[in-house]
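Beneath this line is the structure, given in structure tokens, with notes to follow.
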Amino acid sequence: MRRGAEHFFALPELSHIPPERRAQVLRDIEETGTYTHTAEELLIGARLAWRNHARCVGRMHWKSLKLLDFRDRTSADSIAEACWEHVRTSTNAGKIEAVISVFPPRAPDGGAIRISNPHLLRYAGYRQPDGSVVGDPATADLTDHVQRLGWRGAGTPYDFLPLVVTTPDDGVKWYDVPAGTALEVPIRHPDLPWFEELGLKWYANPALSEMALELGGLTYTCAPFTGWYLNTEIGARNFSDEDRYNKLPIVAEKMGLDTSNDRTMWKDRALVELTYAVLHSFNAAGVRMYDHHTAARHFVQYVEREERQGRTVPTDWSWVNPPLSSSTTPAFHRTFDPPDFDVRPNFVRQQAADACPHAMRSGAADI
């Protein structure tokens, strides 16, 4: 039972668990088909899931993860309110804290709680008649979905999508982000005064909400997780990808760069300044953010420290290296233990919630 209770309670971190507790868990499983983690077991399991997640460069902080235990929340209304509590708590007035909120696990009959949003906070993407998108093209399908449910946004590039919650009892319900819940950072450049005219901004809290937490044979299908943004996630991907906000052409134009062909390296030059503007703006706003050089250096130090203790850190090399200046970071120049996506506890991707029936009986897929 590698993924089950026996494996979970055999972990060294749970060596202090008395034999009576282990026996009780096995009896509960035999009698009811499931069991209930204690708050301590849940916190340890969530921290280990973060440590085991091969695609995260920030795992050196896994022991700092805080737990908000919402396993008593079953109605859509109470779940939504708990999600906003998660955002407020983890945002911490800009001093972002690593926090996971855990709701009831999938029931033995398959019923489960799901959130349709990939992040608790995410900007809408409005499809236009000419095929363009106002806002974030990555959320155009979800935006279409919530509009069919009756939601209407203001139509700006930075409208927060509502939270879409599905429960076996309530079906699908959506909830607007309460005023004052989301902290946003306007993007400015310290040396380019015109940058502010672009009107760019981004939210401070990257609260992932599409992953399931699997531990001890149970699957927590609703377990929002907040860590910290890297500057490259926003600057070199969200703002720069052609299928996202695609801001490199306008930045290059404002910089006076020659965009006639790729050999002028206008994309590279604009990418650096845009990503630098993001880091500068978060710093100026007092919002915790890592830069890609520091994150890579700390991760390699963490891996080397673990190796000296005889512990492996399975890692997906392509995910821990940044999309900007990868070869200037230490993670680029070394190999890691190959990723093990079957190890548990772990965070795993799930079938999109909107593709599932109301009871949400779909299983989790590997990352």
Pairwise side chain to side chain donor-acceptor pair (under 3.5 Å) hits with a residue in residues 309-318, at least two apart = Arg55-Asp316, Arg59-Thr315, Glu306-Arg311, Asp316-Ser318

query = Is Leu142 reachable from Val172 through a run of I, L, V, M, F, W or Y residues, each pair having side-chain heavy atoms under 4.5 Å apart?
reply = yes

request  = Calculate, to the nearest 0.5 Å, the distance between atoms CG and CE belonging to Leu257 and Met255 respectively.
outcome  = 4.5 Å

task = State yes or no: do Val134 and Val146 share one hydrophobic cluster built from I, L, V, M, F, W and Y residues joined by side-chain heavy-atom distances below 4.5 Å, directly or via other members?
result = yes

task = Kindly say whether Leu65 contributes a backbone atom to a donor-acceptor pair with the side chain of Trp50 at under 3.5 angstrom?
result = no

ask   = Can any side-chain N or O of Tyr302 pair as donor or acceptor with the backbone N or O of Arg297 at less than 3.5 Å?
value = no

task = For this output row, return yes or no: ring centroids of His61 and Tyr290 closer than 6.0 angstrom.
result = yes

request  = For residues Thr221 and Gln350, report the shortest heavy-atom separation together with the two atoms involved.
outcome  = O-NE2, 3.1 Å

key: Shortest non-hydrogen contact from Thr259 toward Ala252   = CG2-CB, 3.8 Å

inquiry  = Is the ring pair Tyr126/Trp151 parallel, tilted or perpendicular, if the boundaries are 30 and 60 degrees?
reply    = parallel

ask   = Which heavy atom in Pro322 sits nearest to a heavy atom in His292, and how many Å separate them?
value = CB-CB, 3.6 Å

ask   = Parallel, tilted or perpendicular for His37 and Phe9, by the 30°/60° rule?
value = tilted

ask   = Is it the case that more than 12 heavy atoms not belonging to Gln128 sit under 6.0 Å from its CD atom?
value = yes

Pro162 versus Trp174, closest heavy-atom pair with distance = CB-CE3, 3.8 Å

inquiry  = Side chains of Thr226 and Asn205 only: does a donor on one sit below 3.5 Å from an acceptor on the other?
reply    = yes

note = Contacts satisfying ring pair (Phe, Tyr, Trp, His ring centres under 6.0 Å) that involve residues 75-115 (not counting sequence neighbours) are Phe70-Phe103

message = Do Leu68 and Ile100 make a side-chain contact, defined as non-hydrogen atoms from C-beta onward lying under 4.5 Å apart?
response = no

query = Closest heavy-atom contact between Ser240 and Leu271?
reply = OG-CD1, 3.3 Å

message = For the backbone of Ser327 and the side chain of His333, can you confirm whether one donor and one acceptor N or O come within less than 3.5 Å of each other?
response = yes

key: Exercise: identify the closest heavy-atom pair between Ala236 and Pro323   = CB-CG, 3.9 Å

request  = Classify the side-chain pair Arg122/Asn117 by whether it contains a donor and acceptor separated by less than 3.5 Å.
outcome  = no

message = Quick check on the hydrophobic clustering: are Val303 and Phe332 connected, directly or via other members, by side-chain heavy-atom contacts under 4.5 Å?
response = yes

query = Can you tell me how far the CG atom of Leu215 sits from the CG atom of Leu42, to the nearest 0.5 Å?
reply = 6.5 Å

ask   = Checking Asp159 side chain against Thr156 main chain: does a donor-acceptor pair fall under 3.5 Å?
value = yes

message = With no hydrogens and no angle check, just 3.5 Å: does a side-chain donor-acceptor pair link Asp169 and Thr167?
response = no

query = So, the side chain of Asp141 versus the backbone of Thr143: is there a donor-acceptor pair under 3.5 Å, distance only?
reply = no

ask   = Taking Asn92 for the side chain and Gly94 for the main chain, is one N or O donor matched with an acceptor at less than 3.5 Å?
value = no

ask   = Any side-chain donor paired with an acceptor under 3.5 Å for Asp77 and Tyr175?
value = yes

inquiry  = Can you see whether Asp170 engages Ser75 through a side-chain donor-acceptor pair at a distance of less than 3.5 angstrom?
reply    = no

message = Looking at Lys173, I want to see if its NZ is surrounded by more than 12 non-hydrogen atoms of other residues, nucleotides or ligands under 6.0 Å.
response = yes

key: Neighbour count >12 (heavy atoms, 6.0 Å) for atom CZ, Arg288   = yes

task = Please tell me if the side chains of Glu210 and Ile115 come closer than 4.5 Å, counting only heavy atoms from C-beta onward.
result = no

message = Quick check: is Leu198 connected to Val133 through a chain of hydrophobic side chains (ILVMFWY, heavy atoms under 4.5 Å apart)?
response = no

ask   = Are Leu14 and Trp62 co-members of a hydrophobic cluster defined by side-chain heavy atoms under 4.5 Å apart?
value = yes

ask   = How far does CZ of Arg106 sit from OG1 of Thr34, to the nearest 0.5 angstrom?
value = 11.5 Å

request  = Tell me, please, which residues at least two apart from Glu304 pass side-chain hydrogen bond (donor to acceptor under 3.5 Å, both in side chains).
outcome  = none

Pairing of Glu81 and Arg88 as salt bridge, 4.0 angstrom limit = yes

task = Would you indicate whether Arg152, at its atom CZ, is surrounded by more than 12 heavy atoms from other residues, nucleotides or ligands within a distance under 6.0 Å?
result = yes

request  = Mind jotting down which residue pairs meet the ring pair (Phe, Tyr, Trp, His ring centres under 6.0 Å) criterion with at least one end in residues 254-286? Sequence neighbours excluded, please.
outcome  = His189-Tyr276

query = Testing Tyr123, Phe239, Trp202 for ring-ring contact (aromatic ring centres under 6.0 Å, His included) with Tyr158, which one passes?
reply = Tyr123

query = Is there a side-chain contact between Ile234 and Met289 (heavy atoms, below 4.5 Å)?
reply = yes

ask   = Any chance CZ of Arg269 has more than 12 other-residue heavy atoms, nucleotides or ligands included, within less than 6.0 Å?
value = no

note = Residue set satisfying side-chain hydrogen bond (donor to acceptor under 3.5 Å, both in side chains) with Asp144, at least two apart, ordered chain then number -> Arg127

query = So, Asp291 versus Thr294: side-chain donor-acceptor pair below 3.5 Å or not?
reply = yes

inquiry  = Quick check on side chain to side chain contact (heavy atoms under 4.5 Å, CB included): which of Arg47, Glu40, Glu41 does Leu43 satisfy it with?
reply    = Arg47

ask   = If we ignore angles and hydrogens, is there a donor and acceptor under 3.5 Å between the side chains of Arg27 and Gln24?
value = yes

CG on Leu26 to CD on Glu31, rounded to 0.5 Å = 11.0 Å

inquiry  = Using a 3.5 Å distance criterion without hydrogens, assess whether the side chain of Thr32 forms a donor-acceptor pair with backbone atoms of Ile29.
reply    = no

ask   = If you draw the axis of the six-membered ring of Phe336, does the NZ or CZ of Arg334 fall within 45° of it and under 6.0 Å from the ring centre?
value = yes

ask   = Listed by chain and number, what are the side-chain hydrogen bond (donor to acceptor under 3.5 Å, both in side chains) partners of Ser132, not counting sequence neighbours?
value = Asp130

inquiry  = Ring-plane angle category for Phe160 and Tyr203, please: parallel below 30°, perpendicular beyond 60°, tilted otherwise.
reply    = tilted

note = Here the gap from Leu324 atom CG to Leu230 atom CG, rounded to the nearest 0.5 Å, amounts to 11.0 Å

